[in-house]
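Written below as structure tokens is the structure these notes are about.
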Amino acid sequence: MKDLKISKKTRTYIPAELNIKWENLEPIFNELINRSLNSVKDLEQWLRDRSEIEAALEEDFAWRYIRMTCDTTDEKLLADFQFFATEIEPKIAPLNNELNKKFIQSPFAEQLDEAKYYVYVRGIKKALELFREENIPLLTQIQVEQQKYQGITGSMSVKLGGQEYTLEQAAVFLKDTDRNVRQEAWEAITARRLKDKEKLDELFNSLLKLRHQVALNAGFENFRDYMFQALGRFDYTPTDCYDFHKAIQKEIVPLLKIQAEKRLKALNLNELKPWDMDVDISGKPALKPFSNGEELIEKSIKCFRGLSPYIGERLEIMKANSFFDVDSRKGKAPGGYNYPLAESGAPFIFMNSAGTFRDLTTMVHEGGHAVHTFISAGLELNDFKHLPSEVAELASMSMELISMDHWDKFFDNSEDLIRAKKDQLKDVLKTLPWVAVVDQFQHWIYTNPDHTSEERSEAWTKIFEPFGNNFADWSEHPHALENLWQKQLHIFEVPFYYIEYGIAQLGAIAVWKNYKKDPEKGLSSYLDALKLGYTKTIKEIYETAGIEFNFTAAYVKELADFVQKELDKLE
């Protein structure tokens, strides 16, 4: 049997066993800063050596973050994470800036292969442009402060029927065919969230103030404009984002309104309440594609193997190396992620499975990220693997769709399989307005930095309304509606990381469209795009995948029409 165990890349520059303490790291950075570079060959070796220390530090930080999120109640794990954030990163930041200067000022930098290094050089120049010494302690404070969100939300639980559940586990009852069960669960979950509303408001107010100051220090009017540069959004502007919001409102919201009307009729109700939005309108029990986390992993491996042996084996490798934590439990941070391990060349998948269909799509989504991590692991420099979110999410959201041909591994009968595919395609459309709302909300937040908590709630409801408010009647629960934004981890932890889901969702539909036309060619183009990491521009990567980097109203309509036709085939 093939050995699936992995080991970290062999180090050639830094010590094989490097204890991450500043006294061990400082000499390495000083050597890089002071090294003589007398040729292009010297410069390229210097880049590889710098890449090696960066990869080692990234993997060390990754494990600290992973362990902390797996158990937010363990104070030692939190302290280990905070040690890196407060004692290591702030000391590295100014030295990294010196390394960036050394690179740009080298006469040999201009002699490097432009095709190979264009994106890398562009990123270095932008980092130099944005760096401010006075922002180092602020960014450290932000890093520590924003992790409080995980601690607050990870401790949330509710009691239903005398039993305690995490919010993810309790959400399963929102799919129950008994409306009273759904309402009880929704009200319990909502009451628990609202209990910490003020605490989360205070946390966000603190983050808002810190982020705005970072922007001012860097010479920007607001944090929105700063983040567009910091995220390397070279290919689109805030105006393009507003155009995207309008396109979604015009082309997608009417389709969802029709779906909501069908739901209302099928459920034989006078009005849809928030607890009516997740139940299957067929009247059948919620889909249950697996029984537990272990079965989810096994079925996902079989599903991915159906796409290609290579793709399936990536998840097998992860399982063999215990690179999964998938079951929901109290004390675990909310959400899900795929965290690349820079030296190992593999990722870790974290999620909160509660046995639902949504967990299946989360797994194949994160599995798409995982394949991306593996397939780009061999790129020469660590920076070549630092993916922009528009590319990273293309990998994951495309996998949600192209894997559907092999979802029979999760469902024993064709009727459930058809239901699952219909739910997935409806979710594809439903994702787009939510992305537009969250993105537009963040534009408002950071271009109005002096707002109050009350004004923020008002802005949220005002922005959400034209996109349908999820097509539910919130009249009896206005505070729940105002508070919905607090559920979105990204707003607290990774500001402005959200429009990418919308851009990538459009790209994923296009990838799937190509795949349906020619599975072999469609899959090959998708994998070819993933292999590039971030060595080409976003537009070039999308072109390699055989699709457009485009989010105009006309393109949104074209792709929405395609999804709607595929949905109609399943009816």
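Everything numeric in this text was worked out from a predicted model, so none of it was measured.
Side-chain N or O atoms of Asp60 include none that pairs as donor or acceptor with a backbone N or O of Ala56 at under 3.5 Å. Between the Ser398 side chain and the Ala395 main chain, no donor and acceptor come within less than 3.5 Å of each other. Without hydrogens or angle criteria, Ser51 side chain to Asn382 main chain gives a donor-acceptor distance under 3.5 Å. At distances below 3.5 Å, not a single donor-acceptor pair connects side-chain atoms of Asn222 with backbone N or O atoms of Pro449. Between the Asp473 side chain and the Glu271 main chain, no donor and acceptor come within less than 3.5 Å of each other. With hydrogens and angles ignored, the 3.5 Å screen pairs a side-chain donor or acceptor of Asn135 with a backbone N or O of Val214. Side-chain atoms of Glu87 never come within 3.5 Å of backbone atoms of Phe84 as a donor-acceptor pair (strictly under, hydrogens ignored). A donor-acceptor contact shorter than 3.5 Å links the side chain of Arg329 to the backbone of Cys70. Tyr446 contributes no side-chain N or O that, together with a main-chain N or O of Arg211, makes up a donor-acceptor pair within less than 3.5 Å. With hydrogens and angles disregarded, a donor-acceptor distance shorter than 3.5 Å links the side chain of Thr72 to the backbone of Gly331.
Relative ring orientation between Trp460 and Phe441 is described as perpendicular, the plane-to-plane angle rising above 60° on a 0-90° scale split at 30° and 60°. Taking the six-membered ring for Trp and thresholds of 30 and 60 degrees, Phe223 and Phe496 have ring planes inclined between 30 and 60 degrees apart. Using bins of under 30°, 30° to 60° and over 60° for the plane-to-plane angle, the ring pair His451/Trp444 lands in the tilted bin. Taking the six-membered ring where tryptophan is involved, the planes of His477 and Trp275 are perpendicular, since the angle between them exceeds 60° and thus also 30°. Ring planes of Tyr542 and Phe549: perpendicular class, angle over 60° (limits at 30 and 60°).
Using modelled atom types and a 3.5 Å distance limit, the side chains of Ser157 and Glu164 yield a donor-acceptor pair. At a cut-off of 3.5 Å, with distance as the only test, no side-chain donor of Tyr242 or Gln440 sits close to an acceptor on the other residue. With 3.5 Å as the limit, one finds no donor-acceptor pair spanning the side chains of His479 and Asn483. For the residue pair Tyr339 / Glu366, no side-chain donor-acceptor distance below 3.5 Å is found, with atom types taken as modelled. Between the side chains of Thr361 and Gln424, not a single donor N or O lies within less than 3.5 Å of an accepting N or O. Side-chain polar atoms of Gln150 and Glu493 form a donor-acceptor pair below 3.5 angstrom. In summary, the side chains of Glu393 and Ser396 do present a donor paired with an acceptor at a separation below 3.5 Å, with no hydrogens or angles considered. Side chains of His490 and Glu500: no donor on one and acceptor on the other come within 3.5 Å. A donor-acceptor contact under 3.5 angstrom links the side chains of Gln143 and Glu89, judged on distance only. Thr362 and Asp359 share no side-chain donor-acceptor pair at under 3.5 Å. Defined by atom type and a distance below 3.5 Å, a donor-acceptor pair is present between the side-chain atoms of Gln213 and Asn217. Remark: the Arg456 side chain and the Asn205 side chain contain an N/O donor-acceptor pair separated by less than 3.5 Å. Inspection of the Tyr337 and Thr69 side chains reveals an N or O donor paired with an N or O acceptor under 3.5 Å. When only modelled atom types and interatomic distance are considered, Gln229 and Lys126 share a side-chain donor-acceptor pair under 3.5 Å. Side chains of His245 and Asp439: a donor-acceptor N/O pair is present below 3.5 angstrom, by distance only. Looking only at atom types and distance, the side chain of Arg132 has no donor-acceptor partner in the side chain of Asn97 under 3.5 Å away.
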Quiz prompt | Check against side-chain contact (heavy atoms from CB on, under 4.5 Å), Val119 and Phe384 | solution = CA-CA 9 Å; Val119 171; Phe384 290 171; over 6 Å; no
Exercise. Check the pair Thr140 / Thr86 against side chain to side chain donor-acceptor pair (under 3.5 Å), numbers first and verdict last.
Key: CA-CA 6 Å; Thr140 299; Thr86 59; over 6 Å; no
Exercise. Walk me through it: do Lys102 and Glu98 pass the test salt bridge (Lys or Arg N to Asp or Glu O under 4.0 Å)?
Key: CA-CA 6 Å; Lys102 182 180 179 75; Glu98 291 303 311; over 6 Å; no
Self-check item: Trace of the salt bridge (Lys or Arg N to Asp or Glu O under 4.0 Å) decision for Asp427 with Arg358
Solution: CA-CA 10 Å; Asp427 274 353; Arg358 170 49 56 195; 2.3 Å; yes
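Going from atom CD of Glu476 over to atom CG of Leu481 covers 13.0 Å, rounded to the nearest 0.5 Å.
Comment: Lys332 does not engage Glu168 in a salt bridge, judged by the lack of any side-chain N to carboxylate O separation of less than 4.0 angstrom. With respect to Arg67 and Asp71, no salt bridge is recorded, no charged nitrogen being found less than 4.0 Å from a carboxylate O. Salt bridge absent: Lys426 and Asp423 never bring a charged side-chain N and a carboxylate O closer than 4.0 Å. Note on Lys199 versus Glu202: no salt bridge recorded, every NZ/NE/NH1/NH2 to OD/OE distance being 4.0 Å or above.
By the 6.0 Å and 45° rule, Arg122 stacks over the aromatic ring of Phe234.
For Lys195, there are no salt bridge (Lys or Arg N to Asp or Glu O under 4.0 Å) partners, not counting sequence neighbours. Applying the salt bridge (Lys or Arg N to Asp or Glu O under 4.0 Å) test to Lys148 and every residue at least two apart in sequence or in another chain returns Glu145. Under the rule for a side chain to side chain donor-acceptor pair (under 3.5 Å), the partners of Tyr498 that lie at least two apart in sequence or sit in another chain are Trp434, Gln488.
You'll find the ring centres of Phe81 and Phe61 inside the 6.0 Å limit. A distance of 6.0 Å or more separates the ring centres of Tyr555 and Phe244. The distance between the ring centers of Trp474 and Phe464 does not fall below 6.0 angstrom. Proximity of the aromatic rings of Tyr149 and Phe204 is defined here by a centroid distance below 6.0 angstrom, and this criterion is not met.
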